[in-house]
Amino acid sequence: MALIYIDDLTVGMVLAEDLFTPKGRFVLAAGATLQQDHLKILKSWGVIEASIDESTMGEGYNDNQELLAQFIDRAHAYLGPRFMLNNMEEEPVATLYRHAVHYFSLQFQKGFDPEILSEQLPEASGEGQIPLKIPHLLKDDVDIVSLPTVYSHIVDLLDRPDSSSQQIAKAISKDASLTIRLLRLVNSPFYGFSGKIDSVSRAVSLLGTNELSTLTLGILVVRQFQNLPASLLNMDSFWRHSIRCGLFSKVLAGYLGEKEVEKYFIGGLLHDVGRLVLLGKMPALYSDTVARARQGHLQMYRAEQDSFNTDHSIVGKLLAEKWRLPPALIRMIGSHHSPRLARYSIEACICHIADVFAHACGHEAMLVNEIPELQRSAWDEIGLQEELIAPTIQQVNAEFKDVVHVFFGHTD
């Protein structure tokens with residue numbers, strides 16, 4: 001018996017086990033011989049792989065696997081060191097690693113050339129520098145700690161019991177750039193509405209004021225920090241990783257039956273915003289911190305704790321409180337590396353897992369090569385199943401380019 005990905009299934013293969021969709025719907029019984037119609041139906045129902053009787057796989061499949069072997073070897077060579085902080089023999093990491101290897105083997109076949117970060121960085125002269133205390137990190141710099149007045153106005157309106165959806169729509173519409181990006185997102189496959197949404201007031205009526213204000217927040221923060229000068233951190237890679245984390249958060253929340261999954265997208269999108277504050281305020285010390293993390297194969301937040309007596313998740317949490325963000329977003333931003341700090345709330349656990357998935361399946365090089373450790377306690381606490389990993393990766397990949405286009409106008 002062998003697990004075969006959907007794209008590698010061929011007519012004549014025989015199922016070794018009953019086949020189900022990712023949501024548990026029965027499709028075909030063990031012993032069924034696959035026909036052409038079956039292959040089309042399986043894809044439409046989101047089936048990712050099937051258990052096949054090895055004696056029925058045929059020469060065509062074996063020839064294709066021989067051609068792919070060199071790319072599979074490259075994927076193992078690339079991902080093995082990146083997963084070094086995780087136990088690849090234990091679930092759910094074992095399944096995540098297997099699907100990541102499959103994904104990157106196909107990327108290598110298409111010519112993907114990954115960036116491997118060097119342990120050596122230019123001398124930053126941050127040695128001996130005393131880190132700023134958190135109140136000073138969040139003080140004075142308007143560009144970093146203050147959001148545009150349009151968001152403050154929206155929050156004030158939401159806090160007023162007599163405010164209307166029309167007033168909120170009017171406040172958003174005053175910012176032309178915000179309106180364009182918001183409508184672009186609402187009309188994208190992210191939502192999948194059948195008709196075109198051509199006004200903010202229409203978007204408010206469909207999504208509700210809370211959901212639309214949450215999306216507005218995400219768009220404004222990305223716009224605020226999009227061009228922040230940071231020689232150490234590629235801002236395009238930073239936001240691509242953040243978008244990927246947001247999408248993983250949204251999809252996982254949907255599988256768990258959570259409502260208002262857009263808040264999970266925004267929480268994932270903003271999970272690393274505290275890192276931009278540390279970089280912006282103390283770039284030399286942060287550069288030394290990155291060098292130490294690379295040389296010692298440390299997770300970045302642990303290296304930050306050694307250098308700053310805090311880390312980007314704590315700074316991000318305090319910034320989120322300063323921005324008057326909803327408690328759920330504060331938990332995602334502040335506890336995505338340590339869900340126990342939020343008493344393993346579903347928001348913190350989802351964001352933690354989404355961050356690991358985004359590092360494992362993304363093309364972006366983010367300060368260090370190693371993928372953060374996935375905490376099994378967070379996985380068990382919210383009851384996710386390994387069978388959901390593959391369809392989650394597939395759905396995120398399907399939506400990623402469209403969402404990048406919404407925020408940046410390009411996908412390259």
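Below, all heavy atoms of this structure are taken into account, side chains as well, without hydrogens, waters or symmetry copies. For the single chain, residues carry numbers from 1 onward in sequence order.
Residues passing the side-chain contact (heavy atoms from CB on, under 4.5 Å) test with Val261, sequence neighbours excluded: Lys250, Ala253. With sequence neighbours excluded, the residues forming a side-chain hydrogen bond (donor to acceptor under 3.5 Å, both in side chains) with Asp7 are Lys43, listed by chain and number. Legend: residues meeting ring-ring contact (aromatic ring centres under 6.0 Å, His included) with Phe104, ordered by chain and number and at least two apart, are Tyr78, Phe112, His363.
Leu34 has its side chain out of reach of Val11: every pair of non-hydrogen atoms, C-beta onward, lies at least 4.5 Å apart. Residues Ile266 and Leu325 are not in side-chain contact: their nearest non-hydrogen atoms beyond the backbone lie 4.5 Å or more apart. Counting heavy atoms from C-beta outward, Leu28 and Asp18 have side chains that stay 4.5 Å or more apart. Side-chain contact between Leu207 and Tyr191 is present, with heavy atoms from C-beta onward closer than 4.5 Å. Contact of the Glu386 side chain with the Val93 side chain is not registered, since no non-hydrogen atoms from C-beta on lie closer than 4.5 Å. Taking the side chain as every heavy atom from C-beta outward, Phe265 and Thr214 never approach each other to under 4.5 Å. Residues Ser249 and Met332 form a side-chain contact, since some pair of their non-hydrogen atoms from C-beta on lies under 4.5 Å apart. Looking at Phe190 and Glu262, their side chains come closer than 4.5 Å, going by heavy atoms from C-beta outward.
Ring-centre distance between His359 and Phe83: not below the 6.0 Å cut-off. Proximity of the aromatic rings of His352 and Tyr344 is defined here by a centroid distance below 6.0 angstrom, and this criterion is not met. Between His336 and His312, the ring centre distance stays below 6.0 Å.
Tyr286 and Phe308 have tilted rings, their planes meeting at an angle from 30° to 60° on a 0 to 90° scale.
Counting heavy-atom neighbours within 6.0 Å of Arg292 CZ, excluding the residue itself, gives a total above 12. Within a 6.0 Å sphere centred on CZ of Arg160, heavy atoms belonging to other residues, nucleotides or ligands number more than 12.
Using a 4.0 Å cut-off between charged side-chain N and carboxylate O, Asp175 and Arg181 make no salt bridge. Salt bridge absent: Arg302 and Glu373 never bring a charged side-chain N and a carboxylate O closer than 4.0 Å. Salt bridge status for Asp198 with Arg202: absent, with no side-chain N to carboxylate O gap under 4.0 Å. Ion pairing between Glu364 and Arg240 fails under the 4.0 Å rule for side-chain N and carboxylate O.
For Arg376 against Pro92, the heavy-atom pair with the smallest separation is CD-CD, 3.8 Å. Among all heavy-atom pairs drawn from Leu285 and Ser307, the shortest one is CD2-O, 4.1 Å. Closest of all the heavy-atom pairs between Ala320 and Ile333 is CB-CD1, 4.0 Å. In terms of heavy-atom proximity, His153 sits nearest to Ala171 at ND1-CB, 3.7 Å.
Note: His102 NE2 to Ile48 CD1 = 9.0 Å, rounded to the nearest 0.5 Å. We find the CG-CG distance between Leu247 and Asn397 to be 9.5 Å, quoted to the nearest 0.5 Å. One finds the OG atom of Ser313 at 10.0 Å from the NE2 atom of His271 (value rounded to the nearest 0.5 Å). Distance check, rounded to the nearest 0.5 Å: SG of Cys361 to CG of Leu96 gives 5.5 Å. For the atom pair CZ of Arg331 and SG of Cys349, the computed distance is 11.0 Å after rounding to the nearest 0.5 Å.
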Salt bridge (charged side-chain N to carboxylate O under 4.0 Å, His left out) between Arg275 and Glu304: does it pass, once the steps are laid out? CA-CA 9 Å; Arg275 178 167 287 154; Glu304 290 168 354; 3.6 Å; yes
Using side chain to side chain contact (heavy atoms under 4.5 Å, CB included), reason through Val200 and Leu212 one step at a time and then give a plain yes or no. CA-CA 9 Å; Val200 175; Leu212 203 68; 4.1 Å; yes
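Under the ring pair (Phe, Tyr, Trp, His ring centres under 6.0 Å) test applied with His76, the options Phe71, Phe108, Tyr97 reduce to a single match, Tyr97.
Checking His337 against Asp311 by side-chain atom types alone, no donor-acceptor pair falls below 3.5 Å.
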